[in-house]
Visitor: 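Sending over a structure as structure tokens; questions will come in a sec.
Numbers restart at 1 for each chain; the letters A, B, ... are given by sequence-line order, proteins then strands. Side chains are part of it too, since the values below use all heavy atoms of this structure and drop only hydrogens, waters and symmetry mates.
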Amino acid sequence: MDKKFIPSQVEERIYEFWEENSLLKAKNGKPFTILMPPPNANASLHAGHGMYTVEDILIRYKRLRGFSSLWIPGTDHAGFETQYVYEKHLAKQGKSRFDFNRQTLYDNISKFVKDNSGLIYSQFRKLGFLADWKRSVFTLDKNVLETVLGTFTKMEKEGYIYKDEYIVNYCTHCGTSLSELETVHVERKDPLYYLKYGPFVLATVRPETKFGDTAVAVHPKDRRYKKWVGKEIEVKGLLGRFKIKVIEDEMVDMKFGTGVVKITPAHDPNDFEAGKRHGLEVKRIINIDGRLNELTGPYVGLKVKQARMKVVEDLKIKGLIEKIDENYAHSVTVCYKCGRDLEPTIIPNWFIKVKELKKPVIGVIEKEKIKFFPKRYKKQILQWLKVMHDWPISRQIAWGIRIPVWYLVKDNENKIWISFIDKNREFKKGTIGQYLDKSHSLSEIKQGLQQVTVPIYKREKVKYVVSVKEPQDGQDWIQETDTFDTWFSSGQWPLVTLSKEEYKTRFPTDVMGTLADILPFWVSRMVMFSLYVKKEIPFKNVYLWSKVVDSKGQKMSKSKGNVINPIDLVNRYGADAFRASLIFGTGSGGNVPLAEEKVIGMRNFANKIWNIGRFIWMNRSVILSETKDLLRMRDSNKLRDSSAKPQNDIEKALKNLQKEFAEEKKKYLRFMDSYKFSQALGLVYEFLWRRFADYYIEELKSRLNTLGLTPRIGSELKEELRTGKIRVLDELQNVYFENLKMLHPFIPFVTEAVWKVFKGENSSILLERLKS
RNA sequence: GAGCUCGUAGCUCAGCGGCAGAGCGUUCGAUUCACAUUCGAAAGGCCGAUGGUUCAAAUCCAUCCGAGCUCACCA
């Protein structure tokens, strides 16, 4: 054995051993199953992925406890995220997604993902993860598509899916709508404009939307404006005079501004709701490219911000601005990805009605059929479920699972809007009828297709069918271009990962471990889909781990320059040290600070484990080789008298050691079974280092020394004590071995390396059992 | 506005009714000994504040102060 444990010399070999000897696969026993949260297929390992260690700990622990533990990995296509990355990549080449038709864009991204995937699995291997890589599932695999499309079809048939023109947060830069959860609210100061509006003055931060106003609202209790309610007022505006209705609505805050609000249903979520309540016209004046449209007269084509400046300027000239509050602080909704202001926009979207679907979810969580660790997340998810509203599942991006809806072309030529690149590589946009008439064939359109938009028509709806393949009925159909929100497919992760056989024995799975951040996005939806499709919970326990932050508790980000590359740490200090540093001394929830000093500390711990083994190994080998001699000299009476007392002391110490160990183990099992990994590791750390090494070994050494013995090599070993010493080492060794097993889930490499020293190259601690 | 969490050693945080703890850092000391990636020792604390429950409170309850997160709203 080397003086030091050198991870880089053994880790790779050990991992290969596990892999070659099928130790990554499930063995016989009672099933224990974890589905790995799928990282983005094109991702590379970041510090946060290190927390997957928690799942590896469970897998290894359960294996040692005799379970048939199975960890199934996978990767996610991560629609929006990936397309975003890819578009940045395109931008570097001076291109954009609009230069390609949909299919080509999809194929290019697909290739991009393939080229960049696989990296993260090799990094996971470096961390020692005992997952069955051969079983990896990708969220665009055939069987996943079947399930996901099947669920959609079922939901549509049963009335849980509807299409609606709804106001959604739309990022004009990223070109897609976002769910509420994908938005970020930031506090900001913007000018608040007080506009003269007929007989009123009203305050707004968005004067450029005034062309879309279809009412003015006041509070029902506001006496100041009572006489106007229900009447039309005449307003002088930038485009001339117009009449507008005054309505009353509780949403108005009498104290804010002048107590009068303009209602712009097409461009504000609250106004949209108000518009619904009062049956107002939805007048859209900003297109989805973020520019004002022809209804705004001279402002057509301007982007929102430019338009605002121009409108304000013109209003000033006309004397229509009373005052401007330059320091108005409010919060703005921005894109979580690019940080730009979101434009509340009306676009046709596919929705899932969640009112009925979420009821059983709340039920199983309240009844604790699914348990949360730490417990407080139960409250959080329940709170979130209560406010959960219908889920928009359409995304206007190419990289994803295309929604299996086909629109009938016939009779709808003027209702289906398309954009495509024609055979002369020209970009075309308009209704499908416009082009079919002009010698563009449907197949040409389909080939160059970028986007299909079918607005909601109240009277004559556009006929569509839900079908995975194009309907073969001789009629012309064109498929929806929207794709599913990534969470729609990853929400079905527990439904696509196991084999048919395994659904009988391994479902519900045992533990779902994930970052607390995605509790609402992912966990609640997995439960929802599972209860809907399988009438069964998808997992029994949810373990929420914490965010990995830097040593000062700051979130890691490139701009702050505090990003720590985990592989770097692994290369320098070993996978064990990295893993343990994420677990040791960390609490439940919040953040896990990752500091190099801590990794070093854990490296030292791994080395300590190694050296305790080395001590036992060196002395044991000596004894074994000399046992014969020693036995022959048993009757020697030399030192007999003086040996009596220390011998008894050693016996006593051993008894204490056994007692302490029994207590340690009992506690350990309790901690492990209640997912208190940090405490379990801390316990063994304390026991092995502070008690076993610093106290018992040191004590024994010094007592042997008082007899003129050093527990060292060959000739220096005095025979008189051998009987006692053999026992000493035997007992030390057993306690040590048990502790190796207990530590193995946390620091698999060093424990396995030591094991192999004692039991041979072909042995593995993973084949051992940790008994109660 | 609502909910949740956290204030414990210089730093990062465990502990969550029964002697105030760990890692890192600091100071002093040891060294042919399994390990200097080591060992021994020390300094460092009104456990955010106040009140309550209790034989006993860092721990439970209430209020307050401070920090953070999430959700909702904001013309």
Visitor: For B/C35, does either OP1 or OP2 sit under 4.0 Å from a side-chain N or O belonging to A/Lys608?
Guide: no
Visitor: In whole angstrom, give me the gap between the C1' atoms of B/A34 and B/G23.
Guide: 23 Å
Visitor: If I pick the P atom on B/U38 and the same atom on B/C24, what distance separates them, to the nearest angstrom?
Guide: 8 Å
Visitor: If I take atom CD1 in residue A/Ile612 and atom C1' in nucleotide B/C33, what distance separates them, rounded to the nearest angstrom?
Guide: 16 Å
Visitor: Less than 4.0 angstrom from a charged side-chain N to a carboxylate O is my criterion; do A/Asp222 and A/Lys226 meet it?
Guide: no
Visitor: Output yes when A/Arg691 and A/Glu660 qualify as a salt bridge under the 4.0 Å nitrogen-oxygen rule, no when they do not.
Guide: yes
Visitor: Do the non-hydrogen side-chain atoms of A/Ile321 and A/Tyr194 ever get within less than 4.5 Å of each other?
Guide: no
Visitor: If you only use heavy atoms from C-beta on, which nucleotide in B/U12, B/A75, B/A22 is closest to the side chain of A/Phe584?
Guide: B/A22
Visitor: Please report the distance, rounded to the nearest Å, between CZ in A/Phe615 and P in B/C39.
Guide: 14 Å
Visitor: Between B/U59 and B/A9, how many Å separate the two P atoms, rounded to a whole number?
Guide: 15 Å
Visitor: Regarding A/Leu192, tell me which of base, sugar-phosphate or nothing describes its non-hydrogen contacts under 4.0 Å with the strands shown.
Guide: sugar-phosphate
Visitor: Which part of the nucleic acid, if any, lies within reach of A/Gly585 when heavy atoms closer than 4.0 Å are counted: base, sugar-phosphate only, or nothing?
Guide: sugar-phosphate
Visitor: Which nucleotide in the set B/A34, B/A75, B/G40 lies at the smallest distance from any side-chain heavy atom of A/Arg614?
Guide: B/A34
Visitor: Write down the partner of B/U63 under the Watson-Crick or G-U wobble criteria, each distance required to be under 3.5 Å.
Guide: B/A49
Visitor: Give A/Val261 one of three labels, base, sugar-phosphate or nothing, depending on what nucleic acid heavy atoms sit under 4.0 Å from its own.
Guide: base
Visitor: What is the per-nucleotide protein-contact pattern of nucleotides 16-21 of chain B, from the 5' end, where B denotes a base atom under 4.0 Å from a protein heavy atom, S denotes such proximity for sugar-phosphate atoms only, and - denotes neither?
Guide: ------
Visitor: Do A/Asp576 side-chain atoms and A/Val750 backbone N/O form a donor-acceptor pair below 3.5 Å?
Guide: yes
Visitor: Run through A/Arg206, A/Lys305, A/Arg284 and flag the one making a salt bridge (charged side-chain N to carboxylate O under 4.0 Å, His left out) with A/Glu343.
Guide: A/Arg206
Visitor: Please give the nucleotide sitting opposite B/G18 as a Watson-Crick or G-U wobble pair, both distances under 3.5 Å, or none.
Guide: B/C55
Visitor: Roughly how many Å is it from CG in A/Leu688 to C1' in B/C35, rounded to a whole number?
Guide: 14 Å
Visitor: Grab the CD1-P distance between A/Ile600 and B/U38 for me, whole Å please.
Guide: 11 Å
Visitor: Starting at CG of A/Leu544 and ending at C1' of B/U70, how long is that distance when rounded to a whole Å?
Guide: 13 Å
Visitor: Using a strict threshold of under 4.0 Å (side-chain N to carboxylate O), is an ion pair present between A/Asp325 and A/Lys323?
Guide: no
Visitor: Do A/Leu382 and A/Glu366 come close enough that some side-chain heavy atom pair is under 4.5 Å?
Guide: yes
Visitor: Is there a donor on the side chain of A/Gln383 or the base of B/A72 sitting less than 3.5 Å from an acceptor on the other?
Guide: no
Visitor: Can a donor-acceptor pair be found, under 3.5 Å and without considering hydrogens, that links the side chain of A/Lys358 to the backbone of A/Lys386?
Guide: yes
Visitor: Have a look at A/Tyr685 and say if it touches a base, only the backbone sugar-phosphate, or nothing, with a 4.0 Å heavy-atom cut-off.
Guide: sugar-phosphate
Visitor: Which is more 5' along RNA chain B, the nucleotide nearest A/Asp550 or the one nearest A/Ala693? Just name the residue.
Guide: A/Asp550
Visitor: Using atom C1' of each nucleotide, how far apart are B/G7 and B/G48 to the nearest Å?
Guide: 6 Å
Visitor: Roughly how many Å apart are B/G25 and B/C11, using the P atom of each and rounding to a whole number?
Guide: 16 Å
Visitor: Restricting to nitrogen or oxygen on both sides, can you table the protein-nucleotides 25-29 of chain B pairs closer than 3.5 Å?
Guide:
none

Visitor: From the set B/A72, B/G23, B/C35, return the single nucleotide nearest to any side-chain atom of A/His389.
Guide: B/A72
Visitor: Applying a 4.0 Å non-hydrogen cut-off, can you work out what A/Asp253 is touching in the nucleic acid: base, sugar-phosphate, or nothing?
Guide: base
Visitor: Checking contacts here: which listed nucleotide (B/C35, B/C71, B/C13) is nearest the side-chain heavy atoms of A/Lys3?
Guide: B/C35
Visitor: Looking only at atom C1', what distance separates B/A42 and B/U50, rounded to whole Å?
Guide: 35 Å
Visitor: Would you indicate what A/Ala595 reaches in the nucleic acid, counting non-hydrogen atoms under 4.0 angstrom: base, sugar-phosphate, or nothing?
Guide: nothing
Visitor: How far, in whole Å, is B/A22 from B/G29 if one measures between their C1' atoms?
Guide: 23 Å
Visitor: Does A/Tyr193 reach a base, just sugar-phosphate, or nothing at all? Heavy atoms under 4.0 Å.
Guide: nothing
Visitor: Rounded to the nearest angstrom, tell me the gap between atom CD1 in A/Ile697 and atom P in B/U38.
Guide: 15 Å
Visitor: For B/C35, does either OP1 or OP2 sit under 4.0 Å from a side-chain N or O belonging to A/Asn604?
Guide: no
Visitor: Name the closest nucleotide to the A/Pro593 side chain, picking from B/U38, B/U37, B/C13.
Guide: B/C13
Visitor: Within this structure, what is the CD-to-P distance between A/Glu273 and B/A72, rounded to whole angstrom?
Guide: 14 Å
Visitor: Side-chain contact, heavy-atom cut-off 4.5 Å: A/Phe677 with A/Met672?
Guide: yes
Visitor: Given the C1' atoms of B/U8 and B/C16, what is the spacing between them in whole Å?
Guide: 12 Å
Visitor: Count the heavy atoms belonging to other residues, nucleotides or ligands that lie under 6.0 Å from CZ of A/Arg223, then report whether that count exceeds 12.
Guide: no
Visitor: Going by purine N1 to pyrimidine N3 plus the second Watson-Crick contact, or the G-U wobble pair, all under 3.5 Å, which nucleotide sits opposite B/U32?
Guide: none
Visitor: Under the 3.5 Å rule, do the base of B/U5 and the side chain of A/Arg376 count as making a donor-acceptor pair?
Guide: no
Visitor: Taking only N and O in the side chain of A/Arg690, is any of them less than 4.0 Å away from OP1 or OP2 of B/U38?
Guide: no
Visitor: Report yes if some heavy atom in the side chain of A/Phe661 is under 4.5 Å from a heavy atom in the side chain of A/Asn734; otherwise report no.
Guide: no
Visitor: With the side chain of A/Val387 defined as its heavy atoms from C-beta on, choose the nearest nucleotide among B/U37, B/C71, B/A75.
Guide: B/C71
Visitor: Is any NZ, NE, NH1 or NH2 atom of the basic residue among A/Lys189 and A/Glu326 found under 4.0 Å from an Asp or Glu carboxylate oxygen of the other?
Guide: no
Visitor: Please report the distance, rounded to the nearest Å, between CZ in A/Arg603 and C1' in B/U38.
Guide: 12 Å
Visitor: State whether A/Glu250 and A/Lys221 are salt-bridged, where the test is any N-O pair (Lys NZ or Arg NE/NH1/NH2 against Asp/Glu carboxylate O) under 4.0 Å.
Guide: no
